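Notes follow the structure.
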Amino acid sequence: VPAASWRRGHVRNMARRYVCVLALAAVLLLVFATVSRSKGLRGREHQQTSRIPSQFSKEERVAMKEKLKGAIQIPTVSFSQEEYNTSALAEFGEYIRKVFPTVFSTSFIQHETVGNYSHLFTVQGSDASLQPYMLLAHFDVVPAPTEGWEVPPFSGLEREGFIHGRGTLDNKNSVMAILHALELLLIRNYIPRRSFFISLGHDEEVSGMNGAQKISALLQARGVQLAFIVDEGSFILDGFLPNSKKPFAMISVSEKGAINLRLQVNMTPGHSAAPPKETSIGIIAAAVSRLEQTPMPNMFGSGPLETAVQQLASEFPFPVNIVLSNLWLFGPLVSRLMERNYIMNALVRTTMALTMFNAGVKVNVIPPVAQATINLRIHPAQTVQEVLEFVKNVVADDRVQFHVLNAFDPLPISPFDDQALGYQLLRQTIQSVFPEVSIVTPGICISNTDSRHFTNLTTDIYRFNPVNLHPESFKSIHGINEKISVQGYETQMKFIFEFIQNADTDEQPVPHLHEL
Ligand SMILES: CCCCCCCC/C=C\CCCCCCCC(=O)N[C@@H](CCCCN)C(=O)O
Ligand SMILES: [Zn+2]
Ligand SMILES: [Zn+2]
């Protein structure tokens, strides 16, 4: 065979061998990658690799509302840190075991009772490299005297498309929606990639010290750190903006602080027929009247609320949209306008509410003691100490004693930038489940939540329930005629059903350092 032709044949053979070796290497690589993933993801081959659609049968939807009604009918009332309905709390624990059997019997879900009545679920994901998160809710409720209610507050009656009762918005709706969403996911063979915890508190309305606080301490002792927490504390706000019909979602990235402050005046008792110039009741009444006439300073000017107002500017016609987009110039005007509305006012300043008044022993006896209890909610730009100084300066009467019953500073601001995993997952799920909601803003929770007990486990705490809230519904929270629409509850459950799956993303949270 001529040398040149031999050489050409030899090169061709070598090339063929190289191609075969490369192809074999590629196949081996592919097989190795598949095997290592399946090994690392623990039984993933049985797991749903595609998303589970959030579609529910008629029977499932009927069961959703019926199980919520059953929860409302259990009177899990908290009166004080020392006084709550223990038999109802125990009954509630039995109830969720009965109505969510799959949650309680799944091998990769651990259930623990903490503080006698709170519930902690650890849902083990298949990918241990993903940092876990927590869904937080509580099943205790504030008292509900029947006067003024259209239906008995613990009847759970359904009327005109609404389920009525104490806890339908605050916060049994979340407890039942979370557990029901998980139950339906499990029935559809869902195994999460990202682990998560579900913490259900039994004493949120009276401090959370025996429920959430103990769960937080338990998880801290186990070395748990959370990617983020989602708790109650804001809603999809519908009808809160003047001249705007569009609902928007506000995710509370901070929470006000609080002081429960008792003012007290002691006096020598005597016969009312020969009274002193002022009695203890008169002195205390004048002091609290001065406090009510002297609001705390308006703190509107920087922070998440300003971001929210600027993001909402586009919802308003000219020239309001120009005003709201230029707070550097119109901030003082906007803050004055906001404080005229009692809910907005709670967003821009520390609020004071005189909530209890105890005095007098008998109609013809000069009262030896008069007490007034004030509930203050501290704006994130202020501290407990600053507020106490302000109150003492306004009272300005040495006869009035001050007793701080309990107090805590405002919570740090959680991140809400593009890197904030929890915030972005909420946004993503809101836009998927509530396509009519085009604006998602950060905000401040004007009340308090159990999430304040978890600052040692994460810096990313978001307070948001995916439920449409109207101003009159806001009044029903701790008020009368609390109710949730059947559709609204179903959508809340659908949101959680999707959120849990959305959290299976490979995205990792970016560490966040709170600004001092
Ligand atoms: C342009 C912005 C418009 C903003 C409107 C904001 C509307 C406010 C929305 C939601 C606020 C209510 C959140 C419901 C959760 C209430 C939780 C609660 O009741 N917590 C108790 C805990 C008590 C703990 C013991 N002291 C409380 O705060 O009293
Ligand atoms: Zn609540
Ligand atoms: Zn509440």
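These numbers come from a predicted model, not from an experiment. One-based numbering, in listed order, for ligands and for the atoms of each.
Taking the six-membered ring for Trp and the full ring otherwise, Phe248 and Phe240 have centroids separated by 6.0 Å or more. Between His119 and Phe139, the distance from one ring center to the other falls under 6.0 angstrom. A centroid separation of less than 6.0 Å is found between the aromatic rings of Phe121 and Phe104.
For atom 22 (C) of ligand 1, the closest non-hydrogen atom on the protein side is Glu204 OE2, 3.2 Å. Atom 8 (C) of ligand 1 has its closest protein heavy atom at Phe474 CE1, 3.8 Å. The protein heavy atom nearest to atom 7 (C) of ligand 1 is Ile343 CG2, 3.7 Å. Given atom 20 (N) of ligand 1, the protein heavy atom at minimum distance is Asn448 O, 2.7 Å. Summary of contacts: the protein heavy atom closest to atom 4 (C) of ligand 1 is Leu347 CD1, 3.4 Å. Here the heavy atom of the protein found nearest to atom 14 (C) of ligand 1 is Phe235 CE1, 4.1 Å.
Considering each of Ser207, Pro242, Ala346, the one bringing a non-hydrogen atom nearest atom 25 (C) of ligand 1 is Ser207.
When only interatomic distances are considered, the shortest N/O to N/O separation between Arg377 and ligand 1 falls below 3.5 Å. Of the polar atoms of His478, at least one N or O is found under 3.5 Å from an N or O of ligand 1, judged by distance alone.
Those atoms of ligand 1 that come under 4.0 Å of a heavy atom in Phe240, given as number and element, are 5 (C), 7 (C). Applying the 4.0 Å criterion to heavy atoms of Glu232 picks out, from ligand 1, the atoms 15 (C), 17 (C). Proximity to Met250 (heavy-atom distance under 4.0 Å) selects the following atoms of ligand 1: 2 (C). Contact atoms of ligand 1 toward Ser447: 13 (C), 15 (C), 16 (C), 17 (C), 28 (O) (distance under 4.0 Å to a heavy atom of the residue). Taking a cut-off of under 4.0 Å to the non-hydrogen atoms of Leu237, the atoms of ligand 1 that pass are 4 (C), 5 (C).
Within the 4.0 angstrom cut-off, atom 29 (O) of ligand 1 has one or more protein heavy-atom neighbours.
Using a 4.0 Å cut-off between charged side-chain N and carboxylate O, Arg463 and Glu232 make no salt bridge.
In this structure a side-chain-to-backbone donor-acceptor pair under 3.5 Å is present from Asp417 to Gln419.
In this structure, His202 and Tyr84 have perpendicular ring planes: the angle between them is above 60°, well past the 30° mark. Note: Tyr462 and Phe228 have tilted aromatic rings, judged against thresholds of 30 and 60 degrees for the angle between ring planes.
Sparse packing is recorded around CZ of Arg340, with 12 or fewer heavy atoms of other residues, nucleotides or ligands lying under 6.0 Å away. Glu472 CD: more than 12 foreign heavy atoms inside a 6.0 Å radius.
Expressed to the nearest 10°, the angle at the Zn ion (ligand 3) joining OE2 in Glu205 with NE2 in His478 is 110°. Note: angle at the Zn ion (ligand 2), from OE1 of Glu232 to NE2 of His138, is 100° (rounded to 10 degrees).
Within the 4.0 Å heavy-atom shell around ligand 1 one finds Leu241. Note on ligand 1: Thr449 sits outside its first shell, no heavy atom being nearer than 4.0 Å. In this structure, Met338 falls outside the shell of residues with a heavy atom less than 4.0 angstrom from ligand 1.
Between the Zn ion (ligand 2) and the N, O or S atoms of Asp170, the shortest distance is to OD1.
The closest side-chain donor-acceptor pair between Gln371 and His403, if any, does not fall under 3.5 angstrom.
Rounded to the nearest 0.5 angstrom, Asn298 CG and His379 NE2 are separated by 8.0 Å.
No cation-pi contact links Lys65 to Tyr489, judged by a cut-off of 6.0 Å to the six-membered ring centre and 45° from its axis. For the pair Arg452 and Phe408, the cation-pi criterion (under 6.0 Å, within 45° of the ring axis) is fulfilled.
Of the heavy atoms in Val142, none comes closer than 4.0 Å to ligand 1.
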